[in-house]
Amino acid sequence: MRYWLMKTEPDEFSIDDLAKKKVEPWTGVRNYQARNFMRDGMKVGDGVFFYHSSCAVPGVAGIAEVATEAYPDPTQFDRKSDYYDEASRRESPRWFLVDVKFKRKLKRTIALTELKDRKELDGFALLARGNRLSVLPVTKIEWDFILSLE
DNA sequence: GCCAACGTTGGC
DNA sequence: GCCAACGTTGGC
């Protein structure tokens, strides 16, 4: 079992939205590295930190899990979608996604500022300089440590 | 709203 | 293949 972190803007889709919907297809990832993590790395049952970005208190807000193997993101073929990619072909889709299933909301959001202060998290991908990946790996050690802050 | 740090695009 | 220009991300 592996662990991941997935970013979302809570104004668009928050942990409370996921709690209501239970399962959500993670559409719209258009970065190759993030795609590769979903397509090649994720397995059903993997743990996911649900991270709120571009908001008042950026940080880990909840826990989800990977609910499906990766499959082609349907929005890439939808001309009406913001995520439409005219260069992608159905016989060789460019973009993949997984479904994400709600597990629980954290008792409190563990803020980015707090994570930055912890020397235990030196090397954590989220804190890497200039990091902009919306999907990134978390080690078991990082996972357990961050949860211990809750 | 600003800006640093990236990824992508396109001219050459 | 290089690299400047541009667009996006995301913290502050």
Whole Å only: how far is the [atom1] atom of [X] from the [atom2] atom of [N]?
X: A/Asn131; N: C/dG10; atom1: CG; atom2: P; value: 8 Å
X: A/His52; N: C/dG11; atom1: NE2; atom2: C1'; value: 16 Å
X: A/Leu115; N: C/dG11; atom1: CG; atom2: P; value: 11 Å
X: A/Asn31; N: C/dG10; atom1: CG; atom2: C1'; value: 14 Å
X: A/Leu112; N: C/dT9; atom1: CG; atom2: P; value: 18 Å
X: A/Tyr32; N: C/dT8; atom1: OH; atom2: C1'; value: 15 Å
X: A/Asp85; N: B/dG7; atom1: CG; atom2: C1'; value: 15 Å
X: A/Glu9; N: C/dT8; atom1: CD; atom2: C1'; value: 11 Å

Phosphate OP1/OP2 of C/dG10: any A/Lys7 side-chain N/O under 4.0 Å: yes
Under-4.0 Å side-chain N/O to phosphate OP1/OP2 contact, A/Tyr51 with C/dG11: yes
Check ion pair A/Asp85-A/Arg30 (N to O, under 4.0 angstrom): no
SB check A/Asp144 A/Lys140 (cutoff 4.0 Å): yes
Nucleotide nearest [X] when distance is taken to its side chain, options [options]:
X: A/Arg132; options: C/dG11, C/dG7, C/dC12; answer: C/dG7
X: A/Ser53; options: C/dC12, B/dA5, C/dG11; answer: C/dG11
X: A/Arg129; options: B/dA5, C/dG10, C/dC12; answer: B/dA5

Pair A/Glu9-A/Ser53, side-chain donor/acceptor within less than 3.5 Å: no
Parallel, tilted or perpendicular, as decided by the 30° and 60° cut-offs, for the rings of A/Phe49 and A/Trp143: parallel
